[in-house]
Amino acid sequence: MTQDLLPKTYGPAEIESKWYDFWNSNGHFVADENKTNRQYSIVIPPPNVTGSLHMGHALNNTLQDILIRYHRMSGYNTLWMPGMDHAGIATQNVVERQLAEEGLTRQDLGRQQFVDRVWEWKEHSGGVIINQLKRLGCSCDWDRERFTMDKGLSNAVREVFVRLYDEGLIYKGDYIVNWCPRCHTALSDLEVEHHETEGALWHIRYAIENSDEYLVIATTRPETMLGDTAVAVNPADSRYAKHVGKYAILPLVGRKLRIIADPIVAMDFGTGALKVTPSHDFTDFELSIRHDLERVTIMDSDARINERGIHFYGMDRYECRDRVVSELKEKGFLEKITPYKVSLGKCYRCKDVVEPLISKQWFVRVAPLAEAALEAVKDGRTRIIPGHWTKTYYEWMNNIRDWCISRQIWWGHRIPAWKCEECQRLVVAVETPVQCPHCGGNKLDQETDVLDTWFSSALWPFSTMGWPNQTPLLKTFYPTSCLVTGFDILFFWVARMMMMGLKFMGDVPFKDVYIHALVRDEHGKKMSKSLGNVIDPLMIMDKYGTDAFRFTLAALAAQGRDIRLSENRIEGYRNFMNKLWNAARFTLPYCENVDSGMNLKDFSDFTLPERWILSRLNRTIDAVHNAIEAYSFNDAAQTLYEFSWHEFCDWGIEISKISLGDSNPEVSGRSTAVLAHTLDSLLRLLHPFIPFITEEIASKLKSGARPIIRGPYPVTDNSWIDEKTEHDMQFLMGVITAIRNLRAEMNVAPGKTLPVILACASPDQTDLIRMNLPMVLNLARISNLDMSDLTPDFSPPQDSVTAIVSGARVCISLHGTVDPDAEIARLQKEINKLTIELESVEKKLGNQSFLSKAKPEAIEKQQGRQAELSLKLEGLGEALEKMRAMKKT
RNA sequence: GGGCGGGUAGCUCAGCGGGAGAGCAUCGGCCUUACAAGCCGAGGGUCACAGGUUCAAAUCCUGUUCCGCCUACCA
């Protein structure tokens, strides 16, 4: 019968797509923007349009889906806002590469055509990740899917830009920025990756004007000397005090360089004298402002030497370095070269070495915005979890520098600023102006730069909800409940959303920020294409099923630790899915006429194992709630795994096999009801983690509320939780395990039934065994149970092996198959182990300080242990004596 | 330079003040009709090292060491 109902092993493929389509097409993911009480919302960290699902996405979105499904089932009006990011540089690079294959550059197409082409690419090939998220089971409200370049979001970007500009929080100016010579654009500080590289310190002699003396300067970038306009020393440096105010002569070039004093110069680094190249170094740029120095730019936007670079003109920066060094050497200016590790800045997109260059850029003055964002976390309006990230957040917010927001690329939000050809004044406006408000001229040229992609991402929590309009969506779902993200974009994104949300919505964008770990390979290495250790989530889902994959991610998502993903682990959880599947295969046929959602209180006279499983179930429900609320996804997963497998399957189902077939309909009916109820609750508890298999199994259970994606999520019923029940059950389980144990050690075939002699240490124990006799006989495979009370003259039969459970003697007579020596050794080993344990307990209890200072519970616990251990040792001692005596005879 | 996280069973990791745990791997026995992707058992760890606090430390504090990450204007 069961075989007709369900196949023997769980096959995820069809089931997954069936249920996803069902949920989606029946509107189960849709949020109600008009229901304002009990709402729960999350905005997705928008993946790049160019992206495809990697492990980071998989983890990130699985966790969000767990939170969303949990709250949806718990009766919350939930919104999971999905969407994608236009990813300026990344997307432009993709399309440019395509063009390159056709032998074209973006310049060949021209701006408008190029942008059209990117849009075209986006429509056809972009956003594959959306379908991959669906494959993962993400229950986003897809009707509301957004894109950062949508009309509405673009409008929000312009609105924010104009307001910030009007308030003086956005400004334009000539500053030194990180410049990528390959991407041809400025980068923010965050977009530069630092890599430690083997470099050198070149020590160069700069002659002092009108003297025989010279200064030695150490530099890691000798080629930039062509742009030197000063030499700096520390004002407290006695070695150089006499030179301050004089001039040095720049080797090769011959320019006169003022020798200045500034505290920024470190006396103990290099020679303590610094060459100042304002156009090609951040520190030197600052020095040029403080000391009013000339700025000589010697490189162009390709990082090639320009006409200011004398006869090095036209050379690439590295070629120039070689030539400068050899010329210095030839002419005797080079004192020495020492090896030195330098931290090289590279473009986060193309990995080309970034060049500090002066250019006209737009900046956000962030200090005033950062202050509010800092406060909001300090006063707890936004919680960062795990807490240790708050410190990192504070650190960054306190040392924040202005944010360069202009990019010299074409794909992105074009800066809403125009220059009037007539009066040369700047017009910044939301709507494209037709005439200049200053002079009425109608020739206006728009700024060619576009905005940093993170500028629009910063508005995501409210721009997606229709801002600047005051929409019902905003009213209902802002601030969002939680943001789930990796720490790698804490500054890029989270901090900036905080600033923008507080500024424009007057409230934090999210109440909680849950920061999860990075997914690494099983040896802790970052997954990367070049290392070849990338595990493709899609491959994993094909191979093991989405549920197994999701459960693995949740089970490994311990706070504050990176996740090392191994296929072994996934396989283990795949087996767990199969276990559940088979538990259902067993249970379902009995439940054909049973309402799994029924009220169990309609039944009475529950057996001990029934009360036990219900007690354990409710403890599990409680633990799962607590774990999810605390973002301890791994705890929730472990608890569910443990209960499902080792309590429900190993004991609950096994025991029910006895009563399910009982001829008394009251007995079998109650047993079925408990089984159905437990399975039903378990499926619901598990649903946020493994939505597909749970919905599939639940759909086969009769009635109850369906589909389970809609809940309800089980709530703890404390009336089922019972200490005594669990304690009693533990005794019975102990007896059964002890017998199994003895059989295994004596090499008795599991199929073979055996006679057992049991001497209980108390009337309670006797009653327990008597009342649950079928269970004990069955699970321990006992042919005949000889019960007696444990009296002083109790003596186990000749030729038997013994175990002790809570004082009770469990003996198996083996009729000549016992090897006395082996049994003596086994008992001795056990006794030794327990004796050591007992000694440590007794040492504690004999310690006056322990008795007077420890918590009473701790003392009681030790006393309990002492009693248990002594009983066990006593029994084992007797058994040992007996065995020795037998050996002699 | 500053900061953060981590070193627990062969591997991957939980635990973070009161009896050292899980999964996988290993060993032994089982096709006990839900499940061999399974069942029943077993073995395996001075919890990186050294001090300290405590009646009690894998767990708290200090130092050392090794690994990983973030950050920074020593050119």
Side-chain angles (χ1 to χ4, degrees), chain A residues 2-3 6 8-10 194 201 217-221 224 232 264-277 281-287 340 342-343 386 388-389 391-392 395-396 399 487-488 490-491 517-518 520 522-526 544 548 552 555-556 558 560-569 571-589 634-635 638 641-642 649-650 653-654 657 737 740-745 747-752 778 781 837 840-841 844 847-855 857-859 861-862 864-865 869:
Chain A
T2 56
Q3 282 77 359
L6 294 174
K8 206 167 173 180
T9 50
Y10 171 59
H194 294 273
L201 261 183
I217 281 159
T219 177
T220 56
R221 301 204 53 197
T224 63
I264 203 169
V265 182
M267 298 189 333
D268 55 357
F269 182 84
T271 60
L274 172 70
K275 68 191 230 7
V276 183
T277 322
D281 184 278
F282 288 95
T283 313
D284 296 0
F285 182 81
E286 265 179 56
L287 279 171
Y340 184 68
V342 282
S343 175
H388 67 256
W389 287 107
K391 200 173 170 187
T392 313
E395 201 91 347
W396 193 70
N399 299 304
F487 59 79
D488 46 334
L490 183 61
F491 306 137
L518 241 49
R520 301 173 174 280
E522 60 185 312
H523 305 295
K525 289 244 163 56
K526 211 168 176 171
Y544 300 100
T552 310
L556 295 178
R561 249 219 196 194
D562 284 346
I563 292 177
R564 299 192 189 193
L565 192 68
S566 70
E567 244 185 279
N568 267 345
R569 203 70 194 256
E571 199 182 324
Y573 289 118
R574 188 271 316 265
N575 296 351
F576 176 50
M577 300 307 124
N578 199 235
K579 187 75 183 175
L580 281 176
W581 184 252
N582 279 290
R585 273 182 76 224
F586 172 79
T587 309
L588 287 171
N634 61 320
D635 285 341
Q638 295 297 351
Y641 180 94
E642 177 68 24
C649 290
D650 286 355
I653 288 184
E654 288 308 317
K657 283 177 182 174
T737 305
R740 286 172 173 172
N741 205 320
L742 290 173
R743 311 170 62 108
E745 299 209 8
N747 276 323
V748 179
K752 197 179 163 194
N778 233 286
R781 300 217 148 231
E837 229 179 290
S840 96
V841 171
K844 265 187 190 172
N847 183 340
Q848 206 47 50
S849 312
F850 174 72
L851 294 175
S852 59
K853 289 186 182 168
K855 286 176 291 187
E857 307 93 85
I859 297 172
K861 203 169 174 190
Q862 295 305 322
R865 279 186 73 201
L869 286 167

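Below, read A as the first sequence line, B as the second, and so on, with proteins coming before strands; counting in each chain starts at 1.
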Give one of base, sugar-phosphate or nothing for [X], where a contact means two heavy atoms less than 4.0 Å apart.
X	value
Thr737(A)	sugar-phosphate
Gln638(A)	nothing
Val265(A)	base
Ala266(A)	base
Tyr544(A)	nothing
Lys391(A)	sugar-phosphate
Ile653(A)	base
Ala232(A)	nothing
Asp268(A)	base
Arg781(A)	sugar-phosphate

Next on the checklist: Pick the closest RNA chain B nucleotide for Thr392(A) and for Phe269(A) by heavy atoms, then say which residue is nearer the 5' end.
Outcome noted: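 Checking each residue's closest nucleotide, the 5'-ward one belongs to Thr392(A).
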Checklist entry - Does Tyr641(A) or Val342(A) map to a spot on RNA chain B nearer the 5' end, using the closest nucleotide for each? => result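 The residue mapped nearer the 5' terminus is Tyr641(A).
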Checklist entry - Trp581(A) and Thr9(A): side-chain contact (heavy atoms from CB on, under 4.5 Å), yes or no, with the steps? => result CA-CA 7 Å; Trp581(A) 184 252; Thr9(A) 50; 5.8 Å; no
Can you give me the closest heavy-atom contact between [X] and [Y], atom names plus distance?
X	Y	value
Ile653(A)	Ala583(A)	CD1-CB, 3.8 Å
Lys275(A)	Thr224(A)	NZ-OG1, 2.7 Å
Arg221(A)	Thr219(A)	N-OG1, 2.9 Å

Quick one: is [X] getting a side-chain N or O under 4.0 Å of the [N] phosphate, OP1 or OP2?
X	N	answer
Gln848(A)	C55(B)	no
Lys8(A)	A36(B)	yes
Tyr573(A)	A37(B)	no
Asn741(A)	A42(B)	yes
Asn575(A)	G38(B)	yes

Whole-angstrom distance between [N] and [M], as gauged at atom [atom1]:
N	M	atom1	result
G43(B)	C24(B)	C1'	16 Å
C13(B)	A20(B)	C1'	15 Å
A48(B)	A14(B)	P	14 Å
G45(B)	G63(B)	P	33 Å
C69(B)	G10(B)	C1'	27 Å
A58(B)	G7(B)	C1'	12 Å
G5(B)	G21(B)	P	28 Å
U64(B)	C70(B)	C1'	23 Å

[atom1]-[atom2] distance between [X] and [Y], expressed to the nearest 0.5 angstrom:
X	Y	atom1	atom2	answer
Asp284(A)	Thr277(A)	CG	OG1	5.0 Å
Arg569(A)	Ile563(A)	CZ	CD1	10.5 Å
Leu274(A)	Leu287(A)	CG	CG	6.5 Å

Checklist entry - Is the gap between the ring centers of Tyr573(A) and Tyr641(A) under 6.0 Å? => result yes
Does any donor-acceptor pair link the side chain of [X] with the base of [N] at a separation under 3.5 Å?
X	N	result
Arg569(A)	G23(B)	no
Lys579(A)	C35(B)	yes
Glu395(A)	A72(B)	no

Checklist entry - Step by step, would you call Leu201(A) with Thr220(A) a side-chain contact (heavy atoms from CB on, under 4.5 Å)? => result CA-CA 5 Å; Leu201(A) 261 183; Thr220(A) 56; 3.8 Å; yes
Checklist entry - Stepwise, does the side-chain contact (heavy atoms from CB on, under 4.5 Å) test hold for Gln848(A) with Leu851(A)? => result CA-CA 5 Å; Gln848(A) 206 47 50; Leu851(A) 294 175; 4.3 Å; yes
Item to check | Base versus backbone protein contacts along nucleotides 56-63 of chain B [heavy-atom cut-off under 4.0 Å; B, S, -] | outcome: --------
Checklist entry - side-chain contact (heavy atoms from CB on, under 4.5 Å) between Tyr544(A) and Met577(A): does it pass, once the steps are laid out? => result CA-CA 10 Å; Tyr544(A) 300 100; Met577(A) 300 307 124; over 6 Å; no
Item to check | Dot-bracket notation for RNA chain B, counting Watson-Crick and G-U pairs under 3.5 Å, with | for partners on another strand | outcome: ((((((((.[[[[.)..(..]]]].(((((.......))))).....[[[[[..)....]]]]])))))))....
Next on the checklist: Quick check: do Arg585(A) and Lys8(A) have side-chain heavy atoms less than 4.5 Å from each other?
Outcome noted: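 In short, these two side chains touch, coming nearer than 4.5 Å.
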